[in-house]
2 protein chains.
Amino acid sequence: MSLRHALLATLDAGAMTGYELAKTFDQSANRVWHATHPQIYTELRKLERENLVVAQEEPRGTQGKATKRAYTVTEAGREELCRWVATVEEPTLPRDVAHLKATYFEYAPPDAAREQFAAHRAYHAEQLRRWEWHVEQLRARGTDLMQRRLAKAPKERHAAIVAYKVHVYEGMAERARAEVAWAERGLALVDELERDGFM
Amino acid sequence: MSLRHALLATLDAGAMTGYELAKTFDQSANRVWHATHPQIYTELRKLERENLVVAQEEPRGTQGKATKRAYTVTEAGREELCRWVATVEEPTLPRDVAHLKATYFEYAPPDAAREQFAAHRAYHAEQLRRWEWHVEQLRARGTDLMQRRLAKAPKERHAAIVAYKVHVYEGMAERARAEVAWAERGLALVDELERDGFM
DNA sequence: AGATGCATGTAACGGGTTACATGATTAC
DNA sequence: GTAATCATGTAACCCGTTACATGCATCT
């Protein structure tokens with residue numbers, strides 16, 4: 001149940017609608033925790049029922065039929081967020097398709113193996129680019145979310161707020177680099193096995 | 001739906017019961033893909049209904065009331081396995097509690113942050129030990145599963161069978177090392193922030 | 001007038017976890 | 001005889017995905 005806390009933390013920087021949260025989640029900041037929009041809307045309603053957030057309903061469009069709802073964290077919500085952040089959690093259990101599949105590449109022709117290592121490399125190279133870009137943005141305190149967050153916090157804490165996020169995103173970048181290197185060693189391995197007649 | 005393929009691959013090395021598969025899954029080999037025992041038993045029944053495996057039912061114990069079922073892959077199952085291995089899949093979407101939480105360590109007292117980085121380090125150090133041990137076992141072709149797998153495959157393919165698995169497990173070890181390093185940099189960061197009065 | 005994109009949802013389904021149930025074997 | 005462990009399952013629940021529905025806005 002981490003989605004709710006990711007939502008609480010994001011909302012703590014300032015009120016947002018479900019749509020804005022969904023955008024924030026999948027394009028920029030929280031690529032650490034994936035969530036789809038139906039999930040976000042549903043979870044927000046749930047958080048509202050539990051009084052961890054409150055919604056401000058406003059008309060959307062000119063006809064006044066459609067509405068949008070901007071959510072704000074309540075005091076209880078903030079407490080729940082702090083409680084969660086300070087709690088040590090069980091590590092996520094491993095479930096990694098790419099590595100699982102690579103375990104059994106013996107069952108596939110060399111070209112299929114190569115194709116998959118190449119796809120792996122491409123995906124993580126792209127991720128790496130994103131993480132690196134994001135680290136720069138954070139350091140420059142240039143993202144919307146960060147500015148809103150900093151505006152609400154006392155100045156002496158700004159360094160910590162930025163530093164933890166930078167640390168996380170640098171960790172993700174490091175990971176992506178490792179995946180790229182792993183895929184490249186994989187490609188070399190396929191070549192080697194084929195050259196030596198083992199495939 | 002990777003569990004079924006992990007099961008098919010494991011069974012392809014030789015018949016096993018659900019219990020043996022569960023053990024294989026969580027203690028030694030397939031720590032790349034976590035699965036609990038109810039899930040394994042259920043999936044095996046499903047694979048059986050789809051004719052991807054067949055079960056050999058045998059009495060268990062002396063009273064002859066309880067039974068056990070040893071599963072074997074069918075030709076269709078092997079084809080499905082090969083098809084899956086050769087297919088490029090969407091990468092698993094990121095969902096990482098530890099990194100998500102670390103993003104918000106600003107909300108926690110420094111000691112709570114330290115405790116979590118320490119737990120992270122301990123967990124991945126232990127994982128690293130496991131992966132390294134496993135790589136050694138594989139290279140020595142010393143695991144049960146590997147020996148059964150090799151016994152069924154033509155000799156000229158042995159090198160590839162071992163090499164792919166070693167590559168995967170070395171990748172996992174590399175990852176674990178990166179997580180340990182990340183946690184250590186995290187600990188240093190908390191110290192630094194506290195020393196400079198930012199917490 | 002129709003297509004595309006913004007914005008907010010609901011419903012059905014599937015995979016995975018936790019809790020529970022049951023029987024056999026081994027060690028004390 | 002009782003506790004622990006081996007072994008096989010079922011049931012309820014929760015989280016997340018996919019597909020569908022709806023309304024407004026903008027561009028052509």
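Remember, predicted model here, so these are calculated numbers, not experimental data.
Put simply, B:Thr17 has a side-chain N or O that comes within less than 4.0 Å of OP1 or OP2 on D:dT8. Close to C:dT8, at under 4.0 Å from its OP1 or OP2, lies no side-chain N or O of A:Arg60.
We find that CD1 of A:Ile40 is positioned 14 Å from P of C:dA7, with the value rounded to whole Å. Rounded to whole Å, atom C1' of D:dT8 lies 14 Å from atom CD of B:Glu48. Between A:Arg69 atom CZ and C:dG9 atom P the separation is 6 Å, expressed in whole Å. In this structure, the CG atom of B:Leu44 is 12 Å from the C1' atom of D:dG9, given to the nearest Å. If you take CZ of A:Arg45 and C1' of C:dA7, they are 13 Å apart, rounded to a whole angstrom. Summarising the geometry, the separation between CG on B:Leu21 and P on D:dC6 is reported as 17 Å, rounded to the nearest angstrom.
B:Glu170 and A:Arg185 are not joined by a salt bridge, as no carboxylate oxygen comes within less than 4.0 angstrom of a charged side-chain nitrogen. Under a 4.0 Å N-O distance rule, the pair A:Glu126/A:Arg129 qualifies as a salt bridge. Note on B:Glu57 versus B:Arg69: salt bridge recorded, some NZ/NE/NH1/NH2 to OD/OE distance being below 4.0 Å. One finds a salt bridge joining A:Glu80 and A:Arg83 here, because a Lys/Arg side-chain nitrogen approaches an Asp/Glu carboxylate oxygen to under 4.0 Å.
In this pair, A:Trp84 and A:His5 present their aromatic rings parallel. The plane angle is below 30°, not in the 30 to 60° band.
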| note | Protein heavy-atom contacts under 4.0 Å, written 5' to 3' over nucleotides 14-21 of chain D as B (base), S (sugar-phosphate only) or - (none), form the string -SSBBB--

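Taking only side-chain atoms of B:Tyr41, from C-beta outward, the nucleotide of C:dT8, C:dA24, D:dG9 with the closest atom is D:dG9.
With ring centers used as reference points, B:Trp33 lies 6.0 Å or more from A:His99.
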